[in-house]
Amino acid sequence: MNFTDNLLQWYNKNRRDLPWRNTTDPYIIWLSEIILQQTRVDQGMPYFYRFAEAYPTVTAFAAATEDEILKLWQGLGYYSRGRNMLKTARIVQEKFNGNFPHRYDDLIALKGIGEYTAAAISSFAANQAKAVVDGNVSRVIARYLGISEPINSTAGKKLFQQLANELLNQQLPAMHNQAMMEFGALQCRPKNPDCGICPVKAGCYAYQNNQVNQLPVKLKTVKIKNRYFNYFLISSNDEVLLNKRGDNDIWANMYDLPMIETNELWSPEQLFSSPDIVSLFGIIPQIIEIYPVQKHILTHQHIHARFYHICLEQNKFKLKSTFFFAEVKNLNSFALPKIIFLFLNKFFKF
DNA sequence: AACACGGGGCA
DNA sequence: TGCCCAGTGTT
């Protein structure tokens with residue numbers, strides 16, 4: 001038996017019963033695919049149910065506000081996915097009359113849908129013969145065929161796409177694609193792959209040449225950046241001062257607290273005697289409490305956050321236009337980054 | 001081609 | 001700790 005026959009046999013025996021596999025509705029498949037970008041199935045699953053229930057159709061999705069989408073997305077990360085989904089939903093509503101496209105060429109033109117997602121939706125929803133290439137697929141191919149080209153180089157991406165196209169079962173593209181990814185996720189894992197019971201080990205280059213732990217090859221990742229966020233908690237009369245973030249940086253368009261970013265860890269004395277704090281509030285605030293520095297670990301940056309509970313004398317301070325007072329009882333309606341949510345939730349118990 | 005973009009799980 | 005996860009968009 002060849003590779004793909006073995007693969008499909010393995011898949012039929014070992015596949016998980018995942019909710020988005022029981023439909024050919026391109027909208028539902030789109031929902032699942034975007035949620036699962038760079039996200040483990042276990043982590044994304046509750047969000048999939050949440051979105052499918054809140055927005056059963058793309059028409060319902062298109063009618064939502066960005067605040068609502070980001071709020072529902074809270075905690076999942078890579079929030080541009082949610083923002084792009086809303087743009088795409090609105091285009092689908094207008095240009096396609098609410099009928100989510102299922103052709104690769106239509107899909108690839110939409111925001112947030114790249115090569116992988118266009119191939120996934122078009123094959124799963126309409127059995128279009130487009131091969132998906134995600135982290136799982138490139139790992140399986142790199143090991144099975146013994147490809148040492150980095151999977152994330154430009155040449156590598158092109159090569160793995162081409163090899164995936166050649167391997168694709170033209171009669172069963174949807175099942176083939178699902179099987180490749182499931183095989184990578186469950187059997188041909190990044191670490192500790194289960195080679196002992198692998199159905200294709202006889203033909204696997206990496207297994208036969210003892211290269212399983214060396215493949216796939218990946219270009220080195222960028223250096224982690226340290227950032228220092230000094231946050232200010234200002235509350236009065238069951239209200240708290242929030243800040244709506246801009247659309248350039250991390251957590252775009254989400255809500256946090258007034259803050260000053262410094263290029264290194266600043267002491268409270270340093271911070272509260274700096275011109276920055278005067279220009280932020282117009283006055284020097286009174287410190288009520290200083291919290292210990294918290295480290296918030298993200299993939300590409302480590303955020304060192306220190307929260308200050310402060311007091312501003314009535315009517316003497318000025319506020320940036322992105323600042324506003326929110327009622328504490330409404331705090332749970334704002335899309336908050338994880339670290340802000342945890343702090344405010346601990347403080348206010350909302 | 002390089003970089004930005006979250007949060008969590010696992011060895 | 002370091003690596004990876006059903007990647008995409010911007011510069």
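A, B, ... follow the sequence lines: proteins, then strands. Residue 1 opens every chain.
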Pairs meeting criterion salt bridge (Lys or Arg N to Asp or Glu O under 4.0 Å) with involvement of residues 210-227 of chain A, two or more places apart: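 For residues 210-227 of chain A, and leaving out neighbouring residues, the salt bridge (Lys or Arg N to Asp or Glu O under 4.0 Å) pairs sorted by first residue read A:Arg227-A:Asp249, A:Arg227-A:Glu261.
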
Residue pair A:Lys320 / A:Thr322, side-chain heavy-atom distance below 4.5 Å: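 When only atoms from C-beta onward are counted, A:Thr322 and A:Lys320 do touch, with a gap below 4.5 Å.
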
Would you classify A:Asn152 as touching base, sugar-phosphate or nothing, given that sugar-phosphate means primed atoms plus P, OP1 and OP2, and contacts are heavy atoms under 4.0 Å?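 No contact.
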
Interface with DNA chain C, restricted to residues 53-71 of chain A and to heavy atoms under 4.0 Å: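 Close to the strand, none.
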
Please walk me through it: do A:Trp20 and A:Met45 pass side chain to side chain contact (heavy atoms under 4.5 Å, CB included)? CA-CA 10 Å; A:Trp20 46 86; A:Met45 185 83 78; 3.7 Å; yes

Mind telling me whether A:Tyr308 and A:Phe272 have parallel, tilted or perpendicular rings, with 30° and 60° as the class edges?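 A:Phe272 and A:Tyr308: perpendicular rings.
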
Where along residues 107-144 of chain A does a heavy atom come under 4.0 Å from DNA chain B, residue by residue in number order?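 None - not one residue of the stretch has a heavy atom sitting under 4.0 Å from the strand.
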
Give the residues of residues 5-25 of chain A touching DNA chain B, defined as any heavy atom closer than 4.0 Å, sorted by residue number.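 The stretch gives none, as no residue of it lies under 4.0 Å from the strand.
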
Rounding to an integer number of angstrom, what distance separates B:dA11 and C:dA6 when you compare their P atoms?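 So the two P atoms sit 15 Å from each other.
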
Separation between the P atoms of C:dT8 and B:dG8, rounded to whole Å: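 My reading of the P atoms in C:dT8 and B:dG8 gives 23 Å.
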
Acceptor/donor pairs from residues 105-119 of chain A side chains to any protein atom, 3.5 angstrom cut, sequence neighbours excluded:
unit_1, atom_1, unit_2, atom_2, d
A:Asp106, OD2, A:Arg103, NH2, 3.0
A:Tyr116, OH, A:Glu33, OE1, 2.6
A:Thr117, OG1, A:Gln37, NE2, 3.0

Which pairs pass ring pair (Phe, Tyr, Trp, His ring centres under 6.0 Å) with one or both residues in residues 330-350 of chain A, sequence neighbours excluded?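 Pairs touching residues 330-350 of chain A that pass the test: A:Tyr255-A:Phe334, A:Tyr291-A:Phe343, A:Phe307-A:Phe343, A:His309-A:Phe347, A:Phe324-A:Phe334, A:Phe341-A:Phe350.
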
Inter- and intrachain pairs under ring pair (Phe, Tyr, Trp, His ring centres under 6.0 Å), touching residues 171-193 of chain A, at least two apart: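 Of all non-adjacent pairs touching residues 171-193 of chain A, those that pass ring pair (Phe, Tyr, Trp, His ring centres under 6.0 Å) are A:Trp10-A:Phe183.
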
Range on DNA chain C touched by chain A, heavy atoms, distance below 4.0 Å: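 The contact span of chain A on DNA chain C goes from C:dG2 to C:dT10.
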
Please name the residue in the list A:Trp251, A:Tyr78, A:Phe51 that meets the ring pair (Phe, Tyr, Trp, His ring centres under 6.0 Å) test with A:Trp73.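 Only one of A:Trp251, A:Tyr78, A:Phe51 forms a ring pair (Phe, Tyr, Trp, His ring centres under 6.0 Å) with A:Trp73, namely A:Phe51.
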
Polar contact flag, side-chain donor to acceptor under 3.5 angstrom, A:Gln128-A:Ser123: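 No pair is found: no donor N or O on one side chain lies under 3.5 Å from an acceptor on the other.
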
Polar contact flag, side-chain donor to acceptor under 3.5 angstrom, A:Asn253-A:Asp247: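 No, A:Asp247 and A:Asn253 have no side-chain donor paired with an acceptor closer than 3.5 Å.
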
Sugar-phosphate or base contact per nucleotide [nucleotides 6-11 of chain B; S, B, -; heavy atom under 4.0 Å]: BBBB-S

Is the ring centre of A:Phe100 less than 6.0 Å from the ring centre of A:Trp30?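 A:Phe100 vs A:Trp30: aromatic centres under 6.0 Å.
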
Identify the residue among A:Phe232, A:Phe229, A:Tyr228 that makes a side-chain contact (heavy atoms from CB on, under 4.5 Å) with A:Ile260.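 The side-chain contact (heavy atoms from CB on, under 4.5 Å) with A:Ile260 is passed solely by A:Phe232 among A:Phe232, A:Phe229, A:Tyr228.
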
If hydrophobic residues (ILVMFWY) are linked whenever their side-chain heavy atoms come closer than 4.5 Å, directly or via other members, who joins A:Tyr207 in its cluster?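 A:Val212, all in the cluster of A:Tyr207.
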
Who passes side-chain hydrogen bond (donor to acceptor under 3.5 Å, both in side chains) against A:Gln38, sequence neighbours left out?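 Partners of A:Gln38 under the side-chain hydrogen bond (donor to acceptor under 3.5 Å, both in side chains) test: none.
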
With sequence neighbours excluded, what pairs up with A:Ser236 under the side chain to side chain contact (heavy atoms under 4.5 Å, CB included) test?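 With neighbours one apart ignored, the set is A:Phe325.
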
